[in-house]
Trainee: 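I have a structure I would like to understand better, so I am pasting it below and will then ask my questions one at a time.
Being a predicted model, the structure only gives us computed values, none of them experimental. Naming convention: chains lettered A, B, ... in sequence-line order (proteins, then strands); numbering from 1 in each chain.
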Protein chains: 2
Amino acid sequence: MSASERPLRADARRNRESVLDAAGELFAERGDAVQMDEIAERAGLGVGTVYRHFADKQALLAAIIGRRFEAMTESARAADDSEEPGTAFEELLHTYLESAQADAGFRFALLGPEEPSWVQIASEKTDFGEIIERVVQRAVDAGWLRADFSAQDFVLISRGAMANMTGADDWRRYVELMLEGVRGPDPQ
Amino acid sequence: MSASERPLRADARRNRESVLDAAGELFAERGDAVQMDEIAERAGLGVGTVYRHFADKQALLAAIIGRRFEAMTESARAADDSEEPGTAFEELLHTYLESAQADAGFRFALLGPEEPSWVQIASEKTDFGEIIERVVQRAVDAGWLRADFSAQDFVLISRGAMANMTGADDWRRYVELMLEGVRGPDPQ
DNA sequence: GATGAACCGGAACTCAGGTTCCGAATATAG
DNA sequence: CTATATTCGGAACCTGAGTTCCGGTTCATC
């Protein structure tokens, strides 16, 4: 239980990274449909090695999604740095959706019905939720978003957009329409 | 090939209906996750009997979805009967989403990435697509919807709403927001 | 009612994909 | 350089879910 302190052997550490990278790529391409054997192959390792580092498929995916969420949190923080509240909100939404567009696995994690959702798990490790709340509040206060807009609505919009990410990029049109409906009295 | 004319034996016809009903209910509850054995059990029959009537799981699901689409087409036609274009559009959207809400299987069919999509297959058998187009056009002409709104946008909105049908009915709020963004110059 | 074709039941089969296991290989301490 | 704990590889195993098969049963006809 507490032996987690002994540092990994050099090769083990290297391999762990390889697995994470390979799984990340494949997961981004095809979501949950990736197979453990493929991951091992792409990493240039045997399946046994994959299992040495991650208890099971679920644990591996959780690790990847955690990674993604950390990156997302970083982007969100950057968006929050914008002076202009409207710009901050747009940038946040943009980065979020652009990531989802590029990563079927991310979408899978966000749209899937898993319980407890991976999002919840990841939220406990990052302050992604808080950042969203702050950015939304700023945009509302500035009149850029309608007064009753909430962080929960951000989730609604995002999920809707992701559901439309199938090949073509119709989803951009979708976001356009949606932003129209969500606009406040002073949209700059 | 042409022997499809000999009428089914009475018990066979009855059983076929039972399978369709049982599968329909289960599919509505849990989507693609239903198992053939469960379907057989709920229908009070053996699996063999299920397979006697449907070549495989896919064929069974296709039959069910076909049924749903016929019902939907009927509802859509009814909506189109409304004098008021705005009302017709709202009714259409409402019935469509209400059906999706009540039926995980329907959602599964509409959101899933299957290719060729079940929607396409079903569209060839009904004139659902044409009805949507007509209703949308009427609402646009009346100024109830923005001028550039298309039937494709109806699909975008619907998919977005369905992606938010998870337990709670947040999706109603979603539709509210979206309709705001899609409104025309003369929303009655 | 007897006869045969159509139909039914459900145990057994198949196949895919996650997981385990252990002998072989390798890194690190002394 | 040797000893030993770690780590690796990948064939074998296990499980779950779709599908098949065929002896028994039921309907329709004469």
Side-chain angles (χ1 to χ4, degrees), chain A residues 1-24 26-27 29-65 104-105 108-109 112 114 118, chain B residues 1-24 26-27 29-65 104-105 108-109 112 114 118:
Chain A
M1 267 299 153
S2 58
S4 65
E5 289 324 299
R6 199 190 338 253
L8 286 176
R9 231 170 66 176
D11 55 344
R13 191 164 50 256
R14 210 178 322 129
N15 288 337
R16 189 171 201 287
E17 276 319 294
S18 297
V19 169
L20 235 24
D21 288 345
L26 288 169
F27 190 52
E29 283 168 25
R30 313 216 309 278
D32 189 40
V34 278
Q35 291 167 218
M36 296 301 269
D37 289 14
E38 293 178 273
I39 293 173
E41 188 181 6
R42 159 118 32 154
L45 300 167
V47 233
T49 305
V50 175
Y51 278 94
R52 160 157 286 272
H53 292 290
F54 300 93
D56 53 25
K57 192 179 182 181
Q58 173 112 349
L60 174 54
L61 297 190
I64 292 172
I65 292 169
F108 169 80
E114 318 296 320
W118 270 312
Chain B
M1 270 297 154
S2 56
S4 66
E5 287 325 298
R6 198 187 341 250
L8 286 174
R9 229 169 69 175
D11 57 344
R13 190 164 50 256
R14 209 178 325 130
N15 289 338
R16 189 173 202 285
E17 275 320 294
S18 298
V19 170
L20 235 24
D21 289 344
L26 288 169
F27 190 52
E29 283 168 25
R30 314 215 312 277
D32 190 39
V34 278
Q35 292 169 215
M36 296 302 269
D37 289 16
E38 294 179 90
I39 293 173
E41 189 181 6
R42 159 119 31 153
L45 300 167
V47 232
T49 306
V50 175
Y51 278 93
R52 159 158 287 272
H53 292 290
F54 301 94
D56 53 25
K57 191 179 184 182
Q58 172 113 349
L60 173 54
L61 297 190
I64 291 172
I65 292 167
F108 168 80
E114 318 295 320
W118 271 313

Trainee: Could you state the atom-to-atom distance from CG of Leu8(B) to C1' of dA5(C) in whole Å?
Mentor: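 Between C1' of dA5(C) and CG of Leu8(B): 14 Å.
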
Trainee: CD of Glu41(A): more than 12 outside heavy atoms within 6.0 angstrom?
Mentor: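 Incorrect, the count does not exceed 12.
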
Trainee: Looking only at the side chain of Lys57(A) (C-beta and beyond, no hydrogens), which of the listed nucleotides dT19(C), dT20(D), dG9(C) gets closest?
Mentor: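 Per side-chain heavy atoms of Lys57(A), the pick is dT19(C).
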
Trainee: How long is the span from the CZ atom in Phe27(B) to the CD atom in Glu38(B), to the nearest 0.5 Å?
Mentor: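 With rounding to 0.5 Å, CZ (Phe27(B)) is 13.0 Å from CD (Glu38(B)).
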
Trainee: Can you tell me how far apart CE (Met36(A)) and CG (Asp56(A)) are? Round to the nearest 0.5 Å.
Mentor: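 Met36(A) CE to Asp56(A) CG: 7.5 Å, rounded to 0.5 Å.
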
Trainee: Check the distance between dT20(D)'s P and Met36(B)'s CE and give it to me in whole angstrom.
Mentor: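 Checked: the CE to P distance equals 10 Å.
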
Trainee: Nearest-Å distance, CD1 (Ile39(A)) to P (dG18(C))?
Mentor: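 To the nearest whole Å, that distance equals 8 Å.
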
Trainee: Tell me: CZ of Arg14(A) to P of dA27(C), nearest whole Å?
Mentor: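 That distance rounds to 7 Å.
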
Trainee: Under 4.0 Å between a side-chain N or O of Arg52(A) and OP1 or OP2 of dT7(D)?
Mentor: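 Looking at the OP1 and OP2 atoms of dT7(D), one of them is under 4.0 Å from a side-chain N or O of Arg52(A).
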
Trainee: Using heavy atoms to find the nearest nucleotide of DNA chain D for Gly48(B) and Leu45(A) separately, return the residue whose nucleotide is more 5′.
Mentor: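 Mapping each residue to its closest nucleotide by heavy atoms, the 5'-most match is Leu45(A).
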
Trainee: Nearest-Å distance, CD (Glu41(A)) to C1' (dC8(D))?
Mentor: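 Between C1' of dC8(D) and CD of Glu41(A): 17 Å.
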
Trainee: Heavy atoms from C-beta onward define the side chain here; which of dA17(D), dT19(D), dC7(C) lies closest to that of Ala12(B)?
Mentor: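 Of the candidates, dC7(C) comes closest.
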
Trainee: From CG of Asp37(A) over to C1' of dG9(D), roughly how many Å is that when rounded to an integer?
Mentor: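 Distance, rounded to whole Å: 12 Å.
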
Trainee: Under 4.0 Å between any heavy atoms, over every strand shown, what does Val34(B) touch: base, sugar-phosphate, or nothing? Just pick one.
Mentor: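 Sugar-phosphate, no base atom in range.
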
Trainee: Is His53(A) close enough to dT7(D) that one of its side-chain N or O atoms is under 4.0 Å from OP1 or OP2 there?
Mentor: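 For dT7(D), OP1/OP2 do not have a side-chain N/O of His53(A) under 4.0 Å.
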
Trainee: Looking only at heavy atoms, what is the nearest atom pair of Val34(B) and Lys57(B), with distance?
Mentor: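 Closest approach of Val34(B) to Lys57(B): O-NZ, 2.8 Å.
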
Trainee: Any N or O donor-acceptor pair linking the side chain of Arg9(B) to the base of dA6(C) at under 3.5 Å?
Mentor: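 Checked by distance alone, the answer is yes.
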
Trainee: When you get a sec, tell me which of dC7(C), dA11(C), dA27(C) is the closest nucleotide to the side chain of Asp11(A)?
Mentor: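 The closest nucleotide is dA27(C).
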
Trainee: To the nearest 0.5 Å, what is the distance between CG (Asp21(A)) and CD1 (Ile39(A))?
Mentor: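 The distance works out to 12.0 Å.
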
Trainee: Can a side chain N or O of Asn15(A) be found less than 4.0 Å away from OP1 or OP2 on dT7(D)?
Mentor: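 Answer no for this pair, as no side-chain N or O of Asn15(A) is under 4.0 Å from OP1 or OP2.
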
Trainee: Thr49(A) side chain N/O closer than 4.0 Å to the phosphate oxygens (OP1, OP2) of dG9(D)?
Mentor: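 Yes, such a contact exists.
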
Trainee: When the nearest nucleotide of DNA chain D is assigned to Tyr51(B) and to Arg16(A) on a heavy-atom basis, which residue is associated with the more 5' position?
Mentor: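 Residue closer to the 5' terminus by nearest nucleotide: Arg16(A).
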
Trainee: Could you check how far CD of Glu38(A) sits from P of dG17(C), rounded to whole Å?
Mentor: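 Computing the Glu38(A):CD to dG17(C):P distance gives 9 Å.
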
Trainee: Arg30(B) has an atom CZ; how far is it from atom P of dA17(D), in whole Å?
Mentor: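 That distance rounds to 10 Å.
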
